[in-house]
Amino acid sequence: MHVEHRRNGTPRTLASDVEVADSFLSKSRGLMFRRRVPDDYALVFEFDSPDRRSLHMVFVPFPIDALWLVGEEVTKKKRLRGWVGIGFGLADRIVELPAGAAEDVERGDTVRLVE
């Protein structure tokens, strides 16, 4: 499984080491208490329907790039600082990546999870 970014028909892999947070506990824990993640890593949060979703960086000591998606469309992108970052956006899926991994992703682009 990998996370793919597509703009103008050209695909690019954002992450090939993908973890899906699919339980209440895994969604609540997120990246907390980890010291780091690999460069090709993504943590994906799945939700039943689009809604205003928040992320916080409490107990996450490193920065990340966060993407809020509705379907496969990016509705928001934000770099969150370690320990103090917070972000809100409309999403039915959130993708967390190492800082810099989503540098060329823009609002309106397509990002999808590929089996």
Side-chain angles (χ1 to χ4, degrees):
M1 178 181 328
H2 67 275
V3 175
E4 180 182 271
H5 168 231
R6 188 177 292 260
R7 180 185 301 147
N8 302 325
T10 305
R12 180 176 77 87
T13 298
L14 295 177
S16 57
D17 180 5
V18 179
E19 181 181 351
V20 177
D22 55 3
S23 69
F24 176 78
L25 183 59
S26 63
K27 286 178 182 175
S28 298
R29 183 171 185 253
L31 295 174
M32 291 192 306
F33 310 111
R34 298 186 197 195
R35 296 177 85 137
R36 65 186 171 281
V37 293
D39 290 341
D40 64 341
Y41 178 83
L43 179 59
V44 178
F45 297 83
E46 301 273 354
F47 302 97
D48 292 332
S49 61
D51 203 349
R52 184 171 160 88
R53 309 283 178 194
S54 64
L55 293 177
H56 68 80
M57 298 296 286
V58 175
F59 298 113
V60 181
F62 50 88
I64 65 167
D65 287 348
L67 303 174
W68 285 259
L69 312 173
V70 172
E72 296 180 346
E73 182 179 342
V74 177
T75 60
K76 182 175 181 174
K77 174 182 92 170
K78 185 173 183 182
R79 169 100 19 103
L80 300 176
R81 292 181 20 218
W83 295 104
V84 297
I86 190 164
F88 300 89
L90 179 66
D92 58 10
R93 176 181 286 162
I94 297 174
V95 180
E96 295 181 344
L97 301 154
E103 192 70 36
D104 64 342
V105 177
E106 296 178 10
R107 187 175 179 184
D109 287 356
T110 299
V111 171
R112 63 188 188 130
L113 196 56
V114 179
E115 297 288 332

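Values in this document were obtained by computation on a predicted structure and should not be read as measured data. Because only heavy atoms are used, hydrogens play no part in the values below, and waters and symmetry mates are left out as well, while side chains stay in.
- In this structure, the side chains of L69 and V95 come closer than 4.5 Å at one or more pairs of heavy atoms.
- In the hydrophobic cluster analysis, where Ile, Leu, Val, Met, Phe, Trp and Tyr join through side-chain heavy atoms closer than 4.5 angstrom, V74 is grouped apart from L90.
- R107 places a side-chain N or O within donor-acceptor distance of the main-chain N or O of T75, the cut-off being under 3.5 Å.
- With sequence neighbours excluded, the residues satisfying side chain to side chain donor-acceptor pair (under 3.5 Å) with S26 are S23.
- Two residues are said to be in side-chain contact when any heavy atoms from C-beta on lie closer than 4.5 Å; L97 and L14 meet this criterion.
- Annotation: side chain of I64 is in contact with side chain of M57 (closest heavy-atom distance under 4.5 Å).
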Under 3.5 Å, which donor-acceptor pairs link side chains of residues 108-115 to any protein atom two or more places apart or in another chain?
| from | atom 1 | to | atom 2 | distance (Å) |
| --- | --- | --- | --- | --- |
| D109 | OD1 | R7 | NE | 3.3 |
| D109 | OD2 | H5 | NE2 | 2.8 |
| D109 | OD2 | R7 | NE | 3.2 |
| D109 | OD2 | R7 | NH2 | 2.8 |
| D109 | OD2 | E106 | N | 2.9 |
| R112 | NE | E4 | OE2 | 3.0 |
| R112 | NH2 | E4 | OE2 | 3.2 |

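- If you take CZ on R93 and CG on L67, they are separated by 11.5 Å, rounding to the nearest 0.5 Å.
- Looking at every heavy atom in both residues, V105 comes nearest to K77 through O-NZ, 2.9 Å.
- Looking at every heavy atom in both residues, L80 comes nearest to A66 through CD1-CB, 4.1 Å.
- Residues P98 and P38 share a closest heavy-atom pair of CG-O, 3.3 Å.
- Dense packing is recorded around CG of D17, with more than 12 heavy atoms of other residues, nucleotides or ligands lying under 6.0 Å away.
- Counting only residues at least two apart or on different chains, the ring pair (Phe, Tyr, Trp, His ring centres under 6.0 Å) pairs with a member in residues 29-74 are F33-F59.
- Listed for the K76 side chain is no donor-acceptor partner under 3.5 Å among the backbone atoms of G87.
- Under a hydrophobic-cluster definition in which Ile, Leu, Val, Met, Phe, Trp and Tyr are linked whenever side-chain heavy atoms come within less than 4.5 Å, directly or via other members, V60 and V58 are assigned to the same cluster.
- Between the side chains of D40 and S16, at least one donor-acceptor pair of N or O atoms lies under 3.5 Å.
- Proximity of a side-chain donor or acceptor of R81 to a complementary backbone N or O of V84 within less than 3.5 Å is not detected.
- The shortest side-chain heavy-atom distance between F88 and R52 falls under the 4.5 Å cut-off.
- Note that CG of L55 and CD of E96 are 5.0 Å apart. Values are rounded to the nearest 0.5 Å.
- Side-chain atoms of D65 come within 3.5 Å of backbone atoms of A101 as a donor-acceptor pair (strictly under, hydrogens ignored).
- By the 4.0 Å N-to-carboxylate-O rule, D104 lies close enough to R12 to be salt-bridged with it.
- In this structure, the side chains of V37 and L31 come closer than 4.5 Å at one or more pairs of heavy atoms.
- A salt bridge is defined here as a Lys NZ or Arg NE, NH1 or NH2 lying under 4.0 Å from an Asp or Glu carboxylate O, and R34 with E19 meets this definition.
- The closest side-chain heavy-atom distance from D92 to S49 is not below 4.5 Å.
- For K27 (side chain) and D22 (main-chain N/O), no donor-acceptor pair under 3.5 Å exists by modelled atom type.
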